[in-house]
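Worksheet for the structure shown next.
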Amino acid sequence: MKMIKTLVTSGLALGMLINTLSAKEVDFEGKTIELIMPYNAGGGTDKWGRFYAPLLSQQLPGKPNIIIKNMPGGGSTKGANYFAERASKDGLTIFASSASTQIPFLLGDERIKYDFKDWYAVLTSPTGGVVYVSDSLGIKDINDFDKLKNAELKFGSQGPTSMDLIPLLAFDLLELNVQPVFGMKGRKEGRLAFLRGETNIDFQTSSAYLKEVVPALTKGKSIPLFSWGVLDNDGNLQRDPSFPELPHFGEVYTKVTGKSFDEESFKAWKTLFTASFPSQKMLVLPKDVSADVIETYENALKKVVSASDFKEKSEIHLGTYEQTIGEKANKLKDTATTVNKKDRDWIRNWLEVNHKVKF
């Protein structure tokens, strides 16, 4: 009996050892990983994905080829629905989520066929965003904000229930006369419409702003007004470290309106912001992939962000933000996809009244 117990114990230990080793030996050699990108090429999330894809490929065992499959439509819901229905469970299909994927989910949009509870986030990337206007409006910086009060402003938008809900609500809180031009398939299209002179106010997330808009600043074509800001550990808005010279939205809001952050409308905006930007971009896998696949991705991503040149590269392409990996990233995913009923009802009512959105 002692011998049997010893053999059983040894067998269990060996099994645990094999399982531990298998978690480290997932090999993607000769494989192709498909990264579902629910936006057109050239937008902020697409640039984020194309920044990470080659770095992740180099660190995953076997150095698999990672191809990006752009699948725009429905404010990202088309690609998200596709991933929810068809993602393989072997780690060969991954998905890039962003605020335009998360907001329709938070609002209970009837187009969604996905549930974030079914996904596991191996990486979350906070980001910021900057609102800017055309130099044709005759302003030099935020100090000339009063000149915008009587201006007719046009904003190229993906739709009122996409990530653009945040700027649309912000413009309303600032009492700007902004006419949205819906139908853009991504923030890139909005930016191009701005550069063609079809619109005169726009916003881009940090990665697209740094790479595509900043060059236009030197030519005097774009005038930055404010950033959205970032949250400190107490949940208070602070200036974005990537754009410290720009006031955050809260600063502009209080100065322009004279109102406090306790206004129900501002609290609803902040709820949307909190759900969308601190975990604005996420790399997710189906939750029912094996633990060894998840661990392999997490280990590879840890190597990516710990590389000696990563900080320098990421600040150029993504801005100055901390990247989160592992269980903490998945918890941030849960926070980003949760909203309290009071704020949700207020936002849905605002959408129904201002943009005829039906829920």
Side-chain angles (χ1 to χ4, degrees), residues 35-39 43-45 48-49 52 71 73-85 87 93-129 158-169 187 205 228 230-231 235 267-289 294 297-298 301 321-348 350-351 357 359:
L35 171 54
I36 305 300
M37 178 66 61
Y39 307 97
T45 305
W48 173 82
Y52 264 110
M71 192 177 292
S76 86
T77 59
K78 177 182 176 181
N81 287 339
Y82 175 90
F83 179 76
E85 295 169 0
T93 313
I94 53 181
F95 180 74
S97 177
S98 83
S100 287
T101 316
Q102 290 136 224
I103 288 176
F105 176 78
L106 290 172
L107 297 177
D109 193 310
E110 63 180 8
R111 295 171 299 176
I112 66 170
K113 308 296 181 186
Y114 55 91
D115 190 332
F116 277 91
K117 293 179 181 178
D118 298 329
W119 298 345
Y120 187 94
V122 292
L123 168 71
T124 61
S125 289
T127 191
Q158 302 168 85
T161 59
S162 70
M163 175 173 59
D164 294 343
L165 173 55
I166 292 168
L168 289 170
L169 180 53
R187 292 303 324 137
T205 55
W228 297 128
V230 297
L231 297 179
K267 288 193 289 186
W269 178 87
K270 188 179 177 185
T271 292
L272 286 173
F273 170 80
T274 302
S276 302
F277 281 85
S279 302
Q280 209 270 346
K281 304 185 191 303
M282 300 188 286
L283 190 64
V284 303
L285 290 157
K287 198 168 187 177
D288 53 0
V289 300
I294 289 175
Y297 268 93
E298 290 177 344
L301 287 164
Y321 307 106
E322 180 183 357
Q323 310 298 296
T324 306
I325 298 163
E327 182 60 30
K328 184 179 178 181
N330 198 55
K331 288 180 179 178
L332 286 173
K333 182 265 297 182
D334 292 339
T335 299
T337 53
T338 303
V339 64
N340 67 68
K341 185 179 184 301
K342 183 178 180 180
D343 286 339
R344 182 178 182 230
D345 289 345
W346 190 97
I347 294 164
R348 284 169 62 125
W350 183 88
L351 284 166
V357 175
F359 291 97

Legend entry - Results of side-chain hydrogen bond (donor to acceptor under 3.5 Å, both in side chains) for Thr93 - residues two or more places apart only: Ser88
Quick one: side chains of residues 324-331, donor-acceptor pairs under 3.5 Å with protein atoms, not counting sequence neighbours, listed by atom name and distance.
| from | atom 1 | to | atom 2 | distance (Å) |
| --- | --- | --- | --- | --- |
| Glu327 | OE1 | Tyr120 | OH | 3.3 |
| Asn330 | OD1 | Ala121 | N | 2.9 |

Only pairs under 3.5 Å count here: list side-chain donor-acceptor contacts from residues 73-83, not counting sequence neighbours, and write none if there are none.
| from | atom 1 | to | atom 2 | distance (Å) |
| --- | --- | --- | --- | --- |
| Ser76 | OG | Ser100 | O | 3.0 |
| Ser76 | OG | Thr101 | N | 3.2 |
| Ser76 | OG | Thr101 | OG1 | 2.9 |
| Thr77 | OG1 | Gly74 | O | 2.7 |
| Asn81 | OD1 | Lys113 | N | 2.7 |
| Asn81 | ND2 | Thr77 | O | 3.2 |
| Asn81 | ND2 | Arg111 | O | 3.0 |
| Tyr82 | OH | Lys69 | NZ | 3.3 |

Legend entry - Spatial distance of atom CZ (Phe95) from atom CG (Leu283) [nearest 0.5 Å]: 10.0 Å
Inset, instruction - Go through Asp164 and Arg187 one step at a time and tell me if the side-chain contact (heavy atoms from CB on, under 4.5 Å) criterion holds. - result: CA-CA 9 Å; Asp164 294 343; Arg187 292 303 324 137; 3.2 Å; yes
Legend entry - For the student: nearest non-hydrogen atoms of Pro104 and Tyr114, plus distance: CB-OH, 4.2 Å
Legend entry - Residues which pass side-chain hydrogen bond (donor to acceptor under 3.5 Å, both in side chains) with Lys341, listed by chain and number, not counting sequence neighbours: Asp345
Legend entry - Side-chain touch Ser98/Trp48, heavy atoms, less than 4.5 angstrom: no
Legend entry - Gap between atom OG of Ser162 and atom CG of Leu168 - 0.5 Å precision: 7.5 Å
Legend entry - Glu85 atom CD, neighbour heavy-atom count above 12 within 6.0 Å: yes
Legend entry - Over all atoms of both residues, closest heavy-atom pair of Ala87 and Pro286: CB-CG, 3.7 Å
Please report, to 0.1 Å, the donor-acceptor pairs under 3.5 Å made by any side chain of residues 269-282, with sequence neighbours excluded.
| from | atom 1 | to | atom 2 | distance (Å) |
| --- | --- | --- | --- | --- |
| Trp269 | NE1 | Ile166 | O | 3.2 |
| Lys270 | NZ | Gly235 | O | 2.6 |
| Thr271 | OG1 | Lys267 | O | 3.0 |
| Thr271 | OG1 | Asp343 | OD2 | 2.5 |
| Thr274 | OG1 | Lys270 | O | 2.8 |
| Ser276 | OG | Leu272 | O | 2.7 |
| Lys281 | NZ | Thr45 | OG1 | 2.9 |

Inset, instruction - Tell me, please, which residues at least two apart from Asp115 pass side-chain contact (heavy atoms from CB on, under 4.5 Å). - result: Phe105, Lys117, Asp118
Inset, instruction - Please confirm whether the backbone N or O of Val284 pairs with a side-chain atom of Lys333, one donor and one acceptor, at under 3.5 Å? - result: no
Inset, instruction - Let me know which of Thr337, Val339, Leu107, Thr338 forms a side-chain contact (heavy atoms from CB on, under 4.5 Å) with Gln102. - result: Thr337
Legend entry - Residues that Gln158 engages under side-chain hydrogen bond (donor to acceptor under 3.5 Å, both in side chains), provided they are two or more places apart: none
Legend entry - Pairing residues for Thr124 by the side-chain hydrogen bond (donor to acceptor under 3.5 Å, both in side chains) criterion, not counting sequence neighbours: none
Inset, instruction - For Tyr297 and Ile94, work out which heavy atoms get closest and say how close. - result: OH-CG2, 3.5 Å
Inset, instruction - Would you confirm whether Tyr321, through its side chain, and Gly128, through its main-chain N or O, come within 3.5 Å as a donor-acceptor pair? - result: yes
Legend entry - 4.5 Å side-chain heavy-atom contact, Trp228 and Pro167: yes
Legend entry - Point-to-point distance, once rounded to the nearest 0.5 Å, from OG of Ser97 to CZ of Phe116: 3.5 Å
Legend entry - CG-CG distance between Leu301 and Leu123, expressed to the nearest 0.5 angstrom: 5.5 Å
Legend entry - Geometric class of the Trp350/Trp346 ring pair [parallel <30°, tilted 30-60°, perpendicular >60°]: parallel
Inset, instruction - With Pro160 as reference, evaluate Leu351, Ile103, Leu165, Leu169 under the side-chain contact (heavy atoms from CB on, under 4.5 Å) test and give the passing residue. - result: Leu351
Legend entry - Sub-4.5 Å side-chain heavy-atom contact between Leu106 and Ile347: no
